[in-house]
Amino acid sequence: MKLVVVGGGPAGYAAAIRARHLGIDVVLVEAEHVGGECTNHACIPSKALLHAAEVFRAAASAPWLAGQPSFKWREAVAWKDKVVERLRRGIEFLLKSAGVEVVRGLARPGPGKSVEVDGRRIEYDFLLLATGSEPVELRQLPRGGRVVGTREVFSLEEAPASVVVVGGGAAGVEAASLFSMIGADVHLVEVMDRLLPGLDPDVSRQVERSLAGRGVKVHTSSEVAKATDGGRSVRLKLSTREGEKEVEAELVVVAVGRRPRPGPFASLGLELDSRGAVKTDQSMRTSLPWVYAAGDVAGPPYYAHKAYAQAKVAVENMAGLKSAYEPRAVPAVIFSDPEVVSVGLTEEEAARRGYRPKSARVPLSAIGRAVATDSSEGFAKLVYDGESRIVLGVHMVGRGVSELAGEAAALVEFYATVDDLALVVHPHPTLSEVFVELAEAALGKPTHVAKL
Amino acid sequence: MKLVVVGGGPAGYAAAIRARHLGIDVVLVEAEHVGGECTNHACIPSKALLHAAEVFRAAASAPWLAGQPSFKWREAVAWKDKVVERLRRGIEFLLKSAGVEVVRGLARPGPGKSVEVDGRRIEYDFLLLATGSEPVELRQLPRGGRVVGTREVFSLEEAPASVVVVGGGAAGVEAASLFSMIGADVHLVEVMDRLLPGLDPDVSRQVERSLAGRGVKVHTSSEVAKATDGGRSVRLKLSTREGEKEVEAELVVVAVGRRPRPGPFASLGLELDSRGAVKTDQSMRTSLPWVYAAGDVAGPPYYAHKAYAQAKVAVENMAGLKSAYEPRAVPAVIFSDPEVVSVGLTEEEAARRGYRPKSARVPLSAIGRAVATDSSEGFAKLVYDGESRIVLGVHMVGRGVSELAGEAAALVEFYATVDDLALVVHPHPTLSEVFVELAEAALGKPTHVAKL
Amino acid sequence: AEAAQQAPREVAAMPAARRLARELGVDLAKVKGTGPGGVITVEDVRRYAEELKAKGGEAP
Ligand SMILES: Cc1cc2nc3c(=O)[nH]c(=O)nc-3n(C[C@H](O)[C@H](O)[C@H](O)COP(=O)(O)OP(=O)(O)OC[C@H]3O[C@@H](n4cnc5c(N)ncnc54)[C@H](O)[C@@H]3O)c2cc1C
Ligand SMILES: Cc1cc2nc3c(=O)[nH]c(=O)nc-3n(C[C@H](O)[C@H](O)[C@H](O)COP(=O)(O)OP(=O)(O)OC[C@H]3O[C@@H](n4cnc5c(N)ncnc54)[C@H](O)[C@@H]3O)c2cc1C
């Protein structure tokens, strides 16, 4: 059996490796670099630079350090490049060790069951589309010059002194955090009435408050009406609820979302949904039975971990296994400062699905570790079914909460009840104690939050 | 119903609060400060100073920061004091809000069912002993002058340029980390043949390697034979397997363990075990049916989270509920650099209990977030039953792993199998992805580790 | 389909149990859970499938 995987991002490389474990012959075609957008231009560079900025922020605000540090952008970018290279080489090594043939070049559909890459024809029994996504453009704000997309942000020659970030989703909030942490003057513009509009409203409010507290000017319900490049800066006219506003900055970052990219494979005539995503069933099979799709090209949510999970399901089905992509919880994590985690259902979603949701909320200031690491801003919220007491969702804002999302997902996947959770001994002093506290709050007996 | 709680540490204050939720009248007697050893002299001060040191270490080793920072010990201690005070006041507030009467002073047993505090007699229906533990002393190394215990470490006037830490358990390894992170010359002396002798041997090896890599001189199978105070330094003669050695330092920290402290309540005639711990059943009831014990006084393991869990069980039983202290997993976490987590069974323990343990191991260098935060030293190990594939234990060494211990405990408590774990979507890029990788490695199909 | 599947009173089963049920064509609603809180485990699905086979002789 022979599989051709198009795209070497998280979906593509994970699929290729899993396919080899299952004894399938694999050719992976990649136009740029294995690791895809994620390793080379998105997840990893952003997290590396956010880490660098966090080291700076923590040092600059620590009363116990003498000597004001300053942030050297070029050195941070150079270090980030090393991180990316190390991880990309790691993936290359894994593909090689697994016996995956990697072909460089842009793949297009060939006749019958084949793809063509630079004139070479490669036949297959199965095709996996793992071609990812591309940025959505704003007509009134074309990229070029001082107007950049997320990719360019991580390789700027110099750190801008002022930035307007357009788009208050995950990538926008991360970019605004990054630049504000290293001292830039930052505006963040979002068309909806709150940042991170898909998430729990309390989360949005906390993130807005935290960013504003660090000096970020947040403009919600605001749209870019016009952009004027003034040479050394760009001036944006925003139309907001309160009328027009003008903001100006050295750099404008457009982060208004992504869209699935079937690219040349659109010509296969696969069924697409209204967003342009390749439609699949739970086995990740498209409308052509020998073609599967996984990752961003199969539609939102746009996460590498979703890509991994779908990719594995796709190749397992090719191998005849009956696996399905049907997770109860796909964590959303935003590595801003503070970090954001959203796992499972919000109360609103839960109610819509017929649950009788209740929620418990605990401020991070109740958690010893948060106080002892100067990170007590934020909160955690647990959504559970009032009848069965099953955990339906966990939503958190706070420095360091990203590492708690895995446990939250496990709770939802395992149908844990708040009663179960309250009995899981969590180590002191860690942020993870917030889970016990949430469960106890749900049961009406919190230890570290005063009962009203 | 009236409860007297003796001791206001984690066991005592958690018990008092839970008892109020259950409608029990509570008097809590505390000789020093609420929060106990943990908040005032152990868990919290150590973690606050380790955080301060980590901020320094990260800043000092970051190529993207200009301006060499230096560590100001006094300011760090002052900041730590503020953290402790904030948390202690928080506990005072929680006790007050819950309606707990707090009495200051040393409690002693009174006639019948009563305790006496400074001449005041307080009657009770139930007594909870939450009197904690005290440090074990070394005959050949009496404390005083330059020889201190763990309490004193966190309030030193000045940072020592050189330290000998005697005791390679959790507290010793944390102290050695702390001082080595801020640049001191550190010796660490352990009588057993490895550091952290209770844990997985691979964990010990990694911790030894990491500490040695930062310049800590680790002396295992070594005992202090003699100490000579030279005024400006202390000289220790060690008897080791390879004969005698001499080490010298400005400060000697004795951290050779703790022992339960029933104190004046020893006279109640409660049954003790061979270690001197108050014996209890699973409801935390002692040999006197109206006396319960929880926390360090009830014996090892000595953790605040164990104290919390036992304390709640004790008062629930007083209220007639049939709860029991019978966790499958009580996490051990050491907040050294790198951090250490041990949850559930090691392979050896699992084999002793009749399982057919297997294990999977993943280096942290396989995890994107670890690389992108400059923290790729270390590994994680999953112990599971070869037949049922149920997760039995998780053991990890690495910067940041402390926040993964809660999930590990949940996996063990919920009898999750490696198959279940492999299907829980963990966010990218986080350290928590190591759980998926471990599960896949156990199933013979790791994505980010080359299969040999 | 997604809404129906996530609807309340759904059968609580561990991820691998859900997956095995799909593989074996087992209706989770008929399986008795023995995990924490009555959650259906992989073992439960396996046992149920074996019992069915023993009873009916045919695949579940
Ligand atoms: C700024 C930013 C930050 C992000 N941070 C995170 C994060 O922290 N965590 C997270 O989970 N997600 C994050 N994401 C989303 C994440 O990057 C994507 O979900 C992920 O990359 C999707 O993986 P994929 O394999 O589907 O596609 P991609 O990673 O986009 O990979 C697709 C690959 O296919 C190749 N390709 C496409 N067409 C062809 C063709 N015809 N022939 C050959 N090769 C082709 C491309 O060159 C590319 O390498 C972030 C996104 C952005 C923009
Ligand atoms: C250096 C160090 C670091 C540690 N770090 C951690 C860690 O990170 N995480 C963790 O989980 N554990 C840690 N521990 C262990 C932790 O401190 C103990 O397990 C925990 O304090 C036990 O709580 P407790 O309530 O049983 O006792 P304690 O915290 O010891 O509290 C007992 C209280 O009882 C009072 N008392 C005693 N006798 C009487 C009396 N007769 N009358 C009135 N009051 C009395 C004492 O004054 C004290 O306040 C650490 C220990 C040390 C030494």
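Side-chain atoms are counted along with the backbone in the values below, which use heavy atoms only and exclude waters and symmetry mates. Just so we're on the same page: letters track the sequence lines, and every chain starts at 1.
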- Item | Test side chain to side chain donor-acceptor pair (under 3.5 Å) applied to A/Y384 - qualifying residues, sequence neighbours left out |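 Testing A/Y384 for side chain to side chain donor-acceptor pair (under 3.5 Å), a comparison that skips the adjacent residues, returns none.
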Using non-hydrogen atoms and a 4.5 Å limit, figure out which bit of [X] sits close to chain C: side chain, backbone, both or neither.
X: A/T417; result: neither
X: A/L392; result: neither
X: A/E316; result: side chain

- Message: Other residues, nucleotides and ligands only: do more than 12 of their heavy atoms fall within 6.0 Å of CD on A/E348?
- Response: no
- Task: Measure distances from C/A13 to the heavy atoms of chain A and classify the residue's part below 4.5 Å as side chain, backbone, both or neither.
- Result: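 For C/A13, backbone heavy atoms alone lie under 4.5 Å from chain A.
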- Minimum heavy-atom distance between A/A294 and A/M284, given as atom pair plus value: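 Where A/A294 meets A/M284 most closely, the heavy atoms are CA-CE, 4.4 Å.
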- Query: Parallel, tilted or perpendicular: which describes the rings of A/F435 and A/H426, with under 30° parallel and over 60° perpendicular?
  - Reply: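 Tilted.
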